[in-house]
Structure formats: C-alpha cells, structure tokens
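Side chains are part of it too, since the values below use all heavy atoms of this structure and drop only hydrogens, waters and symmetry mates.
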Amino acid sequence: MLFDILLLICLGFPAFVIAQGSLWPAALPLAVRSPYLNSYFNSVAGAALPNQWPTLWSENKILGWSGWIRVDGTTYELWGQSGTATNLTNVEITPTHTKLSITADTMDVNVTWLSPIEPSNLALQSLPFSYISLEASSNDGATHTIQFYSDISCEWVSGDSASLARWNTTKSTSTTYHMCTRQSPQTATEIDNMVEDASVYYSTLNNDDASYQTGNDSIVRGDFRTNGGLFNSLDTNFRAIDQNFVVLGHAVDLGSISSTSSPVVFALGLVRDPAIIMATPSGNQTRSSYFFSEYGTVGDAIDFFLGDFDNAQQRADDLDDKLLSEANGVSTDYADLVSLAARQALAVDITVSQSSDGTFNTSDVMTFMRDTGNSRRTNPVEVIYAAFPAFLYFNATWAGSLLAPLLKYQASSLYSRSYAAPDLGASYPYAAGNSNPNIFGALEDSADMLIMGWAHARFSGDGSMLSEYYSLYKNFAGYMISNNVVKPSGYSDADGVDNTNMTNLAIKGILGIKAMSEISSALGQDDDASTYSFADSQGHLVSTYNELSSWALIYNLFADKLLGTKLVDDSIYTQQDTFYASQADVAGSHGFLYDSTVPDQVKSHWTMFTAAAASDSSVRDTLISMVHMQAASNESAGVFPTTYSADNGTAISGQASPAQGAMFSVLALNLKAQSVSASLDGKSKKSNTGAIVGGVVGGLAVVALAVLGFFLWRRRQRQKQERSDSDESPWGTKHTTQQMMSVGPDYSPQQQMYNPYEDHPHGQPGHAPSHSISSTTYSSAPSAPAPAPPLPVPIISNMHPAPQSGKAGLVHLAYGTPTLTDRTRTYSSGTSNPDSDHQATQLRSEVDNLRREMEEMRARTQYEPPPQYT
C-alpha cells in the first residue's frame with residue numbers, strides 16, 4: 001500500500017488509501033438515493049480531488065455543491081471548484097459511506113457522505129435524502145477558530161441551465177432548509193437524464209451559531225470568506241439557473257476549538273410528487289414516495305431526518321460492519337465490490353398510492369427502477385433480474401415490490417400477451433406500460449419473472465403474490481413450454497444475442513419452468529406442480545451439432561443455486577470450474593467475454609452470477625478479481641458500468657446501473673429459505689401443457705446418448721490433432737469473427753449492444769440503439785496468432801416429463817455450443833401457439849432426421865464406437 005501511495009504522488013495524482021484494499025474507482029458515490037438523486041465525484045487518474053464539482057451519474061452535468069472550512073480567518077474549499085485547494089489524504093468507501101480525509105492547513109477534516117440503507121424501515125428507505133457531515137481536529141495540537149460553510153445551486157432541478165427557477169427558505173422549530181425548483185415544472189419529463197419536476201432541499205439543524213443566506217454565488221461565498229458567517233438574508237430575484245448563479249448557503253461557527261465535539265451535519269434531498277405516473281385500466285395513477293405516508297410534509301421529514309442523524313449513523317455503521325464482515329469472508333476484492341454496488345443498486349423509487357379519501361394506501365407498495373446507464377425504460381426485467389440478489393439480501397420484501405408493478409400491469413386488461421413484458425415503457429418516470437412488446441425477448445423475460453417470483457416468495461415467506469398472479473405465471477410457463485424452451489430458436493437473451501439454440505437461454509427457461517413447479521406446489525396445485533416438473537434425465541440433448549468454437553459464460557446456472565432446485569448435476573459445475581480455471585490466464589485483461597459472438601465485451605453482472613454459481617472457491621475468487629480489476633481501474637470514466645471492454649476496461653454501457661446489485665449474488669446464496677405461506681381458492685386443475693412437456697423433452701431421448709458420445713469423441717480427436725499441429729496453443733486453428741451490426745439512427749458507441757430486443761422503443765437520443773448481429777463468418781487463419789481458447793458450453797440435457805408423484809430430478813449437461821447463423825425471420829405478433837401434438841410430431845421428426853444423419857456420418861467416417869455415458 002505504501003508503494004501505491006508513493007507511486008501516485010510521483011505521478012502527480014491524489015493519494016488514495018482505500019479501506020477495502022486496492023479499490024480506486026473511476027467515480028466516488030456521494031448522494032445516491034434515487035434515480036435522480038444520484039451524484040458522484042469524477043475520480044479518474046489525474047482528477048483534482050476533492051477540488052471539483054460533483055456531477056450527475058452521467059458525468060456530463062455539473063451539480064453545484066461546495067463545502068468550505070475557515071481556519072483562523074483563512075478559507076479553504078473542502079470540495080467544489082471556486083476556492084483555495086486542500087490536500088486529500090484518504091478515501092474510504094463502505095456500502096453506505098464515502099469518507100474523505102482532507103488537510104486544510106493546521107486542521108484535519110473528515111467529510112462524510114452518508115446515503116443510508118434502512119432494511120427495517122420502508123419510510124426511511126424511500127426518503128430521497130442523504131447526509132453530509134463535517135468533523136475537524138487540529139494537527140498541531142493548538143486551538144483554532146473554525147467555521148464551516150456549505151451551499152448548493154439550483155442546477156439540481158433541471159438539465160437546462162437556462163430554465164427559470166424559484167427558491168425559498170423555511171425555518172422550523174428544529175431546522176432551516178432551502179428549497180429550489182423550476183418556476184414551471186414539467187411533469188415526468190427529462191432533459192439530459194435530469195428530471196424537470198423535482199425540488200431540491202438543503203438543510204441543517206438550528207442553533208445559535210448557525211446562519212443562512214441565498215444569493216449570487218460570489219456574494220454569498222464572499223460574505224463567508226470575509227465574516228465567517230452569513231447574514232440570514234434572502235435573494236428574491238428569481239431568474240434563470242445560470243444567470244448570476246444563485247446559491248443556497250448554510251454556515252456554522254464553532255469558535256475556538258482543537259477538535260469538533262460532534263459533527264456538523266447537512267441534509268440534501270431531491271423530492272418529486274408524484275414520483276411515478278402509472279397507466280391503469282381506469283386511467284393514469286399518480287404515486288407518491290412512500291415516506292409521505294409517515295411524514296405529512298417534506299418539512300416534517302427533514303426535521304426527523306436531521307434529528308435522527310446519530311441513530312442513522314449507528315444503524316449505517318452496524319450495517320456496514322455486518323455486510324463487510326460477510327463479504328470479507330469471501331475476499332477483500334468482493335468486499336470492495338459490494339461496497340461500491342450497494343447504493344447504486346438501491347437507487348430506486350419506492351411508492352404508495354392514495355385511496356379515494358386522500359389517505360395513503362400502505363398495503364399498495366410498488367418500487368420502480370429506471371434503466372439508468374442504458375435508457376429510460378421503467379422496471380426493465382433483465383436489469384431487475386440482475387439486481388435481484390441485492391434486494392433479496394437487504395430485505396426480500398423489497399424484491400416483491402419491484403415485481404408488483406409489472407405483475408399488476410400484465411394482469412390487467414391493458415395487457416393481452418401470454419408471455420412476459422420486458423418493461424413498463426420507455427419514458428421513466430411515466431410507467432406507461434408496454435402492451436405490444438417485441439416477441440424476441442419472450443422466453444428470457446418470462447423465465448426471469450418466474451424465477452424472481454419464486455425467489456421472492458422463497459426468501460420472504462410471503463406467497464400472497466403467487467396466489468394473486470398465479471394465472472399470469474401459468475401463462476408465462478405455458479408459453480415457454482409451447483415454444484420449445486429446451487431448444488430456443490428465434491429468441492434473444494437479455495443482451496440481444498439471438499443465436500439459435502442458446503444454452504444460456506435454454507437453462508434459464510428450464511429453471512423458469514421449475515420455478516413454476518415450485519410455485520404450484522406452494523399453492524397446493526399438485527397436478528400443475530408435476531406438470532411443470534422434470535424427472536431424472538436419461539441422456540443429453542446437444543443444442544448445436546456442427547460448431548464447437550463458440551462459448552459463453554453460463555451465468556444462468558446461478559438461478560439453480562439460488563433456488564436450490566438441484567436440476568444441474570454437480571459434475572457439470574465441476575467441469576465448468578475446471579475449464580474457467582484453465583483459461584483464466586488467456587482471458588482479456590478485464591475478464592472473460594460474456595459471449596464469444598460479441599467481441600471485446602465483458603458483463604460484470606453476469607460474470608458475478610457465474611462466480612456465485614462456481615463450486616470451486618478459487619474459480620469464484622478469480623472471476624471476482626476480474627470484476628474488481630475493472631471496478632478498481634480509474635483509467636477511463638464511467639460510474640461502475642455493467643458492460644466494458646475486455647482489453648482496457650473502457651465503459652460501454654450500464655454506467656450507474658442498478659444491475660450491479662448482482663455483486664450481492666455470492667451473499668444471496670447464504671440466505672435462508674422461508675416457509676412460504678400461500679393459498680389458492682378453488683380446485684386444482686391439471687394443465688394441458690403436460691402433453692407439450694412430453695413432446696418437447698421426451699422424444700429427444702432416443703438419440704441423446706449417441707449424439708453426446710459422438711461429439712465428445714469428435715472433440716477429443718480434434719484436440720489430439722490440434723495439439724500435434726501446434727505447440728503454441730492446445731486449441732489450434734484460430735477462428736476469426738466478422739460481424740455486421742445493424743444499429744438505429746441514434747447509435748452511440750458508449751451504449752451499443754444493450755438493447756435486448758430489436759424493435760424495442762429505445763430509439764431516443766441518448767438511449768440504447770436497436771442492435772442485432774446479422775451474420776458471423778468463421779474462417780481458417782492458420783497464420784494468425786492463436787486466440788484465447790473457447791470456453792465449453794454445457795448443453796441442456798434431454799428430460800422426461802415427471803410422473804404425477806415424481807420428484808424433480810437432475811438436468812445433466814453435455815458440452816457443445818450454439819451456432820450463430822444467417823437467417824431472415826418473420827414473427828407473428830399474435831399470441832397463438834401451435835397445437836401440442838403437432839409440435840411433438842415435429843420434434844420427433846427432427847430427432848429421426850438427426851438419427852439418420854448420424855448413421856450416415858458414421859458410415860462415412862468409420863469412426864470407432866464412442867464410450868457410453870449415463
């Protein structure tokens with residue numbers, strides 16, 4: 001560590017000593033409580049910390065916010081960019097705190113940003129306020145005359161600095177708070193990722209030594225420099241935000257001290273009411289932040305929030321200690337990651353509706369997530385799925401409130417599809433719904449919803465949502481079975497990859513159906529439960545029969561571990577671990593590609609799911625260290641992105657995304673399953689999807705063993721030949737990939753490849769573009785340098801439908817790969833599915849064709865019989 005500090009000093013960069021080891025992120029979280037109260041310091045290499053302005057998560061919008069200390073008549077700026085610079089000596093990041101240690105002449109100052117996480121208090125968790133506290137002690141042993149000052153500007157309330165603003169100051173019995181908002185707020189509207197209907201609040205406790213002032217920035221700050229205090233005066237000349245920037249300031253005079261006896265505390269909040277507008281069959285519903293059900297006004301909430309600081313600080317310290325103790329039990333790198341991800345994952349809006357009499361209906365809690373870092377989508381299913389481990393870890397009930405808006409909308413007359421919607425619309429904070437979603441993501445989203453629905457019930461013990469939305473869940477499961485989830489074709493995964501027969505997508509689909517079986521069992525629907533269950537496998541289905549060069553991180557195995565389904569045989573986890581371990585040295589410097597058909601892209605959230613699913617702790621720790629390498633890199637800007645370059649860590653998309661809740665996936669596996677309390681009125685009925693299950697998975701057993709044996713033998717023979725041809729790599733001939741990418745007119749290199757579905761309404765400026773891979777060509781290039789060897793892809797096994805009383809068995813996986821092919825596809829926008837008997841006949845016909853092809857191949861090649869596998 002000493003060497004690191006000396007090196008940084010020699011390079012002219014600020015010296016950082018990070019509490020959790022080697023973490024030095026490209027951005028430091030400050031006030032992070034909601035999609036719009038989401039501020040950071042830019043801490044890339046060479047940044048002048050702390051003497052810079054905080055910014056929005058996008059790092060392209062300055063948020064006026066400064067802090068000062070006056071020592072014996074001389075002022076020093078603690079943060080901001082308009083005064084005498086100070087020296088940063090230490091940075092510490094915990095799940096709830098960012099702490100800066102700063103030297104200002106003869107005083108050492110601790111500046112702490114605290115964004116509380118309140119697992120046991122929903123009102124406080126929903127309150128979009130953060131603390132900032134200041135403490136000081138002399139470094140020369142003497143007493144000094146000390147005053148503190150801090151202010152904000154109105155830049156927090158609009159993405160357009162030419163907007164007209166208004167402000168006021170209120171003094172209650174216990175606090176003084178400033179407020180600023182636009183003169184003409186624009187409801188549920190964004191400009192440059194900033195919402196246009198918010199009010200910003202800046203407050204502190206009343207005492208005889210506190211003063212306040214609003215006015216031109218140079219005047220208010222100048223008064224503090226000269227006098228060490230403010231004049232309790234107000235500027236009422238309302239104007240544009242950038243016209244003689246108005247600042248809203250507070251000052252506290254501590255007198256002559258050697259150290260502060262207690263912190264000087266300020267509170268920053270960004271409040272919107274309504275927080276969300278949600279489409280319902282009876283019209284738009286306005287939803288307020290949940291804290292309004294506890295505190296009648298914002299002023300009441302501020303009074304409580306500031307008065308509760310000591311208790312809040314203790315709760316935060318206790319939470320940090322508990323979380324970091326558990327995370328350090330995995331590794332120090334892992335502790336860094338959960339510290340950096342916690343606030344980012346929980347930056348959501350927790351809302352409540354109002355009854356007809358105007359009272360808040362606290363039984364109707366819904367949480368809304370913005371697709372921050374990618375688009376303005378509301379409650380994007382694939383992002384919620386990635387973030388889910390964090391919500392389960394802190395309070396599994398919160399996970400249910402994330403699903404509630406999606407389920408309520410899809411169970412209403414506004415939605416008629418039999419598969420899950422990918423989101424609630426593309427214009428956060430307006431949850432308009434998505435009544436006509438692109439079908440490409442139907443399997444991914446439906447499986448996600450089933451897995452998350454059962455995970456919420458399993459870890460909260462609350463099965464009420466299973467009962468309420470059982471028919472909807474059955475629709476999702478029925479759609480997946482009817483559309484051959486075992487061998488998906490014509491569908492894309494969470495990241496828009498649409499290879500035929502994707503193993504990852506098939507695994508997720510099978511686990512989604514298994515989750516449906518568990519849901520049915522919890523509700524006493526035994527016939528449905530057995531319909532959706534699987535018996536012990538007798539063989540294997542190879543997803544792709546002619547290409548062994550592609551590969552992917554099989555991150556969807558995480559759901560098997562999380563739900564405890566044990567559908568995947570332990571031997572498969574062992575084989576995956578062995579392969580990951582053997583190839584770690586040849587991966588990109590910032591990690592494994594998440595899919596070989598998408599060049600130079602690492603997905604930190606899926607890498608962490610893969611790490612959590614690993615059975616070998618050394619493999620787990622290796623994958624964690626890869627994510628940590630990017631998180632700890634400050635060579636390029638970007639708030640802890642989900643997607644970045646494998647070679648240099650440059651952010652591609654997902655900056656500040658809540659999907660980084662995936663960092664909690666390892667800890668989520670330690671959660672204790674609860675007894676699920678649920679009931680369903682009416683008699684259970686046997687689902688007609690049982691025949692479809694048999695048709696999909698039963699008929700494929702005939703050739704599964706032969707297919708697996710042949711390809712294992714073929715791969716072994718190929719590897720022997722390649723080893724004899726090249727001493728440089730055991731993988732032999734290089735495969736080069738050429739891709740033609742079709743992108744929308746608003747394509748941005750920083751946000752490419754995120755749009756999961758081709759026609760999804762993301763095509764607004766600054767949003768993720770439509771993006772699809774049109775073709776991939778593999779060609780032999782013997783003279784090229786040997787590439788990183790491909791990872792093996794486990795192939796979904798053949799499964800038999802379970803007998804009525806049967807117990808779910810194992811899904812054994814063989815190794816193979818999906819193939820990316822040229823094709824033109826036509827999709828029906830309807831929801832009808834082919835007759836189950838017809839589909840079963842088609843599948844059996846396909847199996848017969850495969851058998852004949854294999855017999856012909858055997859006759860041509862005269863290969864020796866493969867070994868037998870069971």
Problem set entry | From CA spacing to verdict: side chain to side chain donor-acceptor pair (under 3.5 Å), Tyr40, Gln655 | CA-CA 12 Å; Tyr40 289 80; Gln655 295 90 329; over 6 Å; no

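- The aromatic rings of Tyr131 and Phe309 lie perpendicular to each other, with more than 60° between the two planes, well past the 30° mark.
- Ion pair Arg370/Glu190 flagged as a salt bridge, since at least one NZ, NE, NH1 or NH2 atom sits closer than 4.0 Å to an Asp/Glu carboxylate oxygen.
- Between Trp156 and Tyr202, the gap from one ring centroid to the other reaches at least 6.0 Å.
- Of the N and O atoms on the side chains of Asp318 and Gln314, at least one donor lies less than 3.5 Å from an acceptor on the other residue.
- Shortest non-hydrogen contact noted between Ala662 and Pro389 is CA-CG, 4.4 Å.
- With rounding to the nearest 0.5 angstrom, the CG atom of Asp495 is 9.0 Å from the CG atom of Asp595.
- Contact detail for Val157 and Ile241: the closest heavy-atom pair is CG2-CD1, 4.2 Å.
- Scanning all heavy atoms of the two residues, the minimum distance from Phe224 to Ala251 falls at CD1-CB, 4.1 Å.
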Problem set entry | Arg315 vs Asp308, salt bridge (charged side-chain N to carboxylate O under 4.0 Å, His left out): CA-CA, chis, key distance, verdict | CA-CA 11 Å; Arg315 291 192 301 269; Asp308 189 50; 2.7 Å; yes

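- Rounded to the nearest 0.5 angstrom, His250 NE2 and His178 NE2 are separated by 3.5 Å.
- In this pair, Tyr385 and Trp606 present their aromatic rings tilted. The plane angle is within the 30 to 60° band.
- Between Pro50 and Leu100 the shortest heavy-atom distance is CB-CD2, 3.7 Å.
- Between Glu135 and Lys99, no side-chain nitrogen of the basic residue sits less than 4.0 Å from a carboxylate oxygen of the acidic one, so the salt-bridge criterion is not met.
- The aromatic rings of Phe129 and Tyr201 sit tilted relative to each other, their planes meeting at an angle between 30° and 60°.
- Thr106 and Asp140 are not linked by any side-chain donor-acceptor pair at a separation below 3.5 angstrom, with hydrogens and angles left out of the test.
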For this session: Dump the intermediate steps for side chain to side chain donor-acceptor pair (under 3.5 Å) on Ser115 and Ser130, then the final yes or no.
Result: CA-CA 5 Å; Ser115 294; Ser130 288; 2.9 Å; yes

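- Note that CG of Leu134 and CG of Asn110 are 9.5 Å apart. Values are rounded to the nearest 0.5 Å.
- Remark: the Asp160 side chain and the Ser158 side chain contain no N/O donor-acceptor pair separated by less than 3.5 Å.
- In this structure, Ile62 CD1 and Ser39 OG are separated by 13.5 Å, a value rounded to the nearest 0.5 Å.
- Counting all heavy atoms, side chain and backbone alike, Pro641 lies closest to Ser604 at O-OG, 3.4 Å.
- Side-chain contact annotation: Thr55 with Lys61, donor-acceptor N/O pair under 3.5 Å absent.
- Side-chain atoms of Asp333 and Ser331 include no donor-acceptor pair closer than 3.5 Å.
- Taking the six-membered ring where the residue is Trp, Phe558 and Phe609 present tilted rings, their angle falling between 30° and 60°.
- Two rings, from Phe394 and Phe664, have their centers less than 6.0 Å apart.
- Using modelled atom types, one finds a donor on one side chain and an acceptor on the other under 3.5 Å when comparing Thr98 with Arg343.
- Nearest heavy atoms, Gly159 versus Glu196: N-OE2, 2.8 Å.
- Between the side chains of Asp647 and Ser645, no donor-acceptor pair of N or O atoms lies under 3.5 Å.
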